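Worksheet for the structure shown next.
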Amino acid sequence: ICIHPWIFACRGVTVTATDCAGAALAALSEPHLQPNLYSSPAYERWDISECSAYATMPHPNHFDGMPALEDEHIREKLRQRISFNVADWACLPVPDGTVDLIFATNALPRESDTECLAVLNEWVRVLRPGGVAYIAQHNPTGGVNVGAFFLERGFGEVHFMNGEAPAKPMRGGFEIRYSSG
């Protein structure tokens with residue numbers, strides 16, 4: 001249950017948040033009910049912890065602030081940019097070639113290579129030319145080499161989190177990060 005849809009909406013992005021678990025989306029769509037996860041103080045605790053881990057040097061995953069989701073007016077303003085949809089990641093509720101960015105945290109199936117490939121193929125289907133798939137995954141995805149999958153389909157590896165965009169004539173870009181949780 002990640003905060004990313006709210007952060008993207010705060011930056012002016014239109015977001016379609018999907019998960020196959022309705023309970024996860026319900027929790028995410030009502031962040032004020034989980035202040036230990038979704039609030040300015042929660043962000044500050046996380047940021048202080050990350051900074052201390054880097055001995056007061058700027059940490060590489062720092063982002064400037066989190067929206068004050070404890071404030072009803074802010075939540076309602078941001079909610080206008082987010083749709084929450086229960087959906088199988090192998091069958092997303094969006095037309096072909098209309099998505100600029102897939103931001104996926106632990107979304108690739110690990111138990112089945114067939115299911116993992118179905119999700120990856122769906123992501124390729126919905127990404128617009130020049131779109132990017134950003135994948136943070138903390139467990140290996142079985143026998144599927146995700147990087148090779150994208151490379152074989154004309155995507156190039158980019159450092160999206162550092163502001164890099166896919167070079168032309170690439171179909172799009174991808175970045176894979178192995179997360180800790």
Side-chain angles (χ1 to χ4, degrees), residues 1-31 34 37-38 61 63 78-181:
I1 306 174
C2 294
I3 192 69
H4 300 102
W6 294 98
I7 293 170
F8 286 128
C10 187
R11 308 282 187 291
V13 176
T14 301
V15 177
T16 300
T18 62
D19 199 305
C20 58
L25 280 175
L28 178 61
S29 69
E30 299 296 338
Q34 302 289 332
L37 296 174
Y38 307 122
N61 297 317
F63 58 92
L78 296 178
R79 192 181 308 280
Q80 295 172 19
R81 291 193 186 110
I82 306 173
S83 64
F84 298 95
N85 298 289
V86 175
D88 180 339
W89 290 319
C91 187
L92 294 171
V94 295
D96 295 0
T98 59
V99 173
D100 293 314
L101 170 68
I102 295 192
F103 192 92
T105 55
N106 295 308
L108 289 173
R110 296 179 285 276
E111 298 79 26
S112 164
D113 290 353
T114 302
E115 290 177 16
C116 182
L117 289 170
V119 170
L120 291 169
N121 279 313
E122 180 69 351
W123 292 352
V124 168
R125 178 189 74 79
V126 302
L127 279 170
R128 69 163 176 77
V132 174
Y134 175 85
I135 303 162
Q137 192 83 12
H138 69 269
N139 285 331
T141 54
V144 177
N145 182 326
V146 176
F149 174 91
F150 279 106
L151 289 170
E152 290 167 3
R153 285 153 183 82
F155 288 75
E157 191 166 359
V158 298
H159 298 285
F160 167 75
M161 294 300 276
N162 292 336
E164 191 175 297
K168 292 188 179 4
M170 287 183 205
R171 161 76 172 82
F174 71 95
E175 181 173 358
I176 302 169
R177 278 214 178 154
Y178 295 95
S179 68
S180 61

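Because the structure is predicted, anything quoted here is derived from the model rather than measured. Along the sequence shown, the residues carry numbers beginning at 1.
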From CA spacing to verdict: side-chain contact (heavy atoms from CB on, under 4.5 Å), Leu120, Phe150
CA-CA 8 Å; Leu120 291 169; Phe150 279 106; 3.8 Å; yes
Test side-chain contact (heavy atoms from CB on, under 4.5 Å) applied to Val15 and His4, step by step
CA-CA 10 Å; Val15 177; His4 300 102; over 6 Å; no
Start with the C-alpha distance between Phe174 and Ile135, add both sets of side-chain angles, then the distance that settles side-chain contact (heavy atoms from CB on, under 4.5 Å), and finish with yes or no.
CA-CA 8 Å; Phe174 71 95; Ile135 303 162; 5.5 Å; no
Take Ile7 and Arg11, measure what side-chain contact (heavy atoms from CB on, under 4.5 Å) needs, and give me the verdict at the end.
CA-CA 6 Å; Ile7 293 170; Arg11 308 282 187 291; 3.6 Å; yes
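Of all heavy-atom pairs spanning Thr18 and Pro93, the tightest one is CG2-CD, 4.3 Å. Of all non-hydrogen atoms in Leu127 and Ile102, the two that sit nearest each other are CD2-CG1, 4.0 Å. Among all heavy-atom pairs drawn from Ala107 and Trp123, the shortest one is CB-CZ2, 4.0 Å. Closest of all the heavy-atom pairs between Glu157 and Leu151 is N-CD2, 4.5 Å. Scanning all heavy atoms of the two residues, the minimum distance from Arg110 to Gln137 falls at NH1-NE2, 2.9 Å. Smallest separation of non-hydrogen atoms from Glu30 and Arg79: OE1-NH2, 4.0 Å.
Once rounded to the nearest 0.5 Å, the distance linking CG of Asn145 with SG of Cys116 reads 10.0 Å. Note that OG of Ser29 is 11.5 Å distant from CG of Asp19, once rounded to the nearest 0.5 Å. In this structure, Arg128 CZ and Leu101 CG are separated by 9.5 Å, a value rounded to the nearest 0.5 Å.
Between the side chain of Glu115 and the backbone N or O of Pro109, no donor-acceptor pair lies under 3.5 Å. At distances below 3.5 Å, at least one donor-acceptor pair connects side-chain atoms of Asp113 with backbone N or O atoms of Gly143. Between the side chain of Arg153 and the backbone N or O of Arg171, no donor-acceptor pair lies under 3.5 Å.
In this pair, Trp6 and Phe84 present their aromatic rings tilted. The plane angle is within the 30 to 60° band. In this pair, Phe8 and Phe103 present their aromatic rings perpendicular. The plane angle is above 60°, beyond the 30 to 60° band.
Put simply, the side chain of Tyr134 does not reach to within 4.5 Å of the side chain of Ile176, judged on heavy atoms.
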